[in-house]
Amino acid sequence: MTLEEVVGSNSTEKKMETVSQALEELLVAAQQQDCLTVGVYESAKLMNVDPDSVVLCILATDEEDEDDIALQIHFTLLQAFCCDNDINILRVSGMRRLAQLLKEDTEDSNSNEPRDLHCILVTNPQVQPLQCQALQDVGSFCEESRCSNQWVPCLELQDR
């Protein structure tokens, strides 16, 4: 391994960790300001009605979801729509951490199904725009990834 490879990989790891932290901050801030849409079907409905308000589409899976063909088809359609409408897309692994951030119970006491966290949209309403440095950081990461021909960058959220 060359010095450039060691320095480059360490720099990449730090960048990914910084972006992961920014994403976590963004999700918490967006939820507090009611700027999140959670669920594949709910997200598709919102993008059909008001795609201009969507600034980030998060597609989340874990290893056990990789074989879910229906979910992968939904993801493909959502990604195509996002690309056509200049919406930043991010693939995320770490569903348990995502549930922690959004304060989702994995087992609801009322025996209700937990919300579908596989697709989350961050919206930025015209009336009261979401003011958040984390949104700019995540957006910059997505833009940098597109410039290096990685159209759907991937992040891993670590359990804490």
- Item | Verdict with supporting geometry, D50 and D52, side-chain contact (heavy atoms from CB on, under 4.5 Å) | CA-CA 5 Å; D50 189 14; D52 293 336; 4.2 Å; yes
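- Taken together through direct or relayed side-chain contacts under 4.5 Å among Ile, Leu, Val, Met, Phe, Trp and Tyr, V55 and L59 form parts of separate hydrophobic clusters.
- Side-chain contact between R91 and Q79 is present, with at least one heavy-atom pair separated by less than 4.5 Å.
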Show me the side-chain donor-acceptor pairs of residues 132-140 shorter than 3.5 Å, one per line, residues at least two apart or across chains.
from: Q133; atom 1: NE2; to: D137; atom 2: OD1; distance (Å): 2.8
from: S140; atom 1: OG; to: Q136; atom 2: O; distance (Å): 2.9

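- Clustering ILVMFWY residues whenever any of their side-chain heavy atoms sit less than 4.5 angstrom apart, transitively, puts M95 in the very cluster that holds V28.
- Atom CD of Q31 and atom NZ of K103 lie 7.0 Å apart (nearest 0.5 Å).
- Taken to the nearest 0.5 Å, the CD atom of Q72 stands 8.5 Å off from the CG atom of D67.
- When atom types are taken as modelled, the side chain of D62 and the backbone of E64 share no donor-acceptor pair closer than 3.5 angstrom.
- Using a 4.5 Å heavy-atom threshold, the side chains of L121 and M47 count as touching.
- Summarising the geometry, atom CG belonging to L27 is positioned 11.5 Å from atom SG belonging to C35; distances are rounded to the nearest 0.5 Å.
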- CA sep, side-chain torsions, deciding dist, call: E24, R97, side-chain contact (heavy atoms from CB on, under 4.5 Å): CA-CA 9 Å; E24 290 184 11; R97 178 64 183 148; 2.9 Å; yes
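- Both V38 and V92 sit in one connected hydrophobic cluster of ILVMFWY residues. Membership requires side-chain heavy atoms under 4.5 Å apart, directly or through other members.
- For the residue pair P153 and I89, the shortest heavy atom distance occurs at CD-O, 3.4 Å.
- Checking side-chain atoms of S20 against main-chain N and O of L157 turns up no donor-acceptor pair under 3.5 Å.
- Hydrophobic clustering, with ILVMFWY side chains joined whenever heavy atoms are under 4.5 angstrom apart, keeps I58 apart from F75.
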- Which is it for V122 and L36 under the side-chain contact (heavy atoms from CB on, under 4.5 Å) test, yes or no, and what are the steps along the way? CA-CA 5 Å; V122 177; L36 283 186; 3.8 Å; yes
- Check the pair L23 / L56 against side-chain contact (heavy atoms from CB on, under 4.5 Å), numbers first and verdict last. CA-CA 10 Å; L23 178 62; L56 179 64; 4.1 Å; yes
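- Checking side-chain atoms of N124 against main-chain N and O of S53 turns up no donor-acceptor pair under 3.5 Å.
- Between L102 and I120, the shortest heavy-atom contact is CD1-CD1, 3.6 Å.
- Taking CD1 of I87 as the start and CZ of F81 as the end, the distance is 5.5 Å to the nearest 0.5 Å.
- Here the shortest heavy-atom pairing between L98 and L117 reads CD2-O, 3.7 Å.
- Separation of atoms SG (C83) and CG (N88) is listed at 10.0 Å; rounding is to 0.5 Å.
- Judged purely by atom type and a 3.5 angstrom limit, E42 has no side-chain atom pairing as donor or acceptor with the backbone of T37.
- Donor-acceptor pairing under 3.5 Å is recorded for the side chains of T61 and E66.
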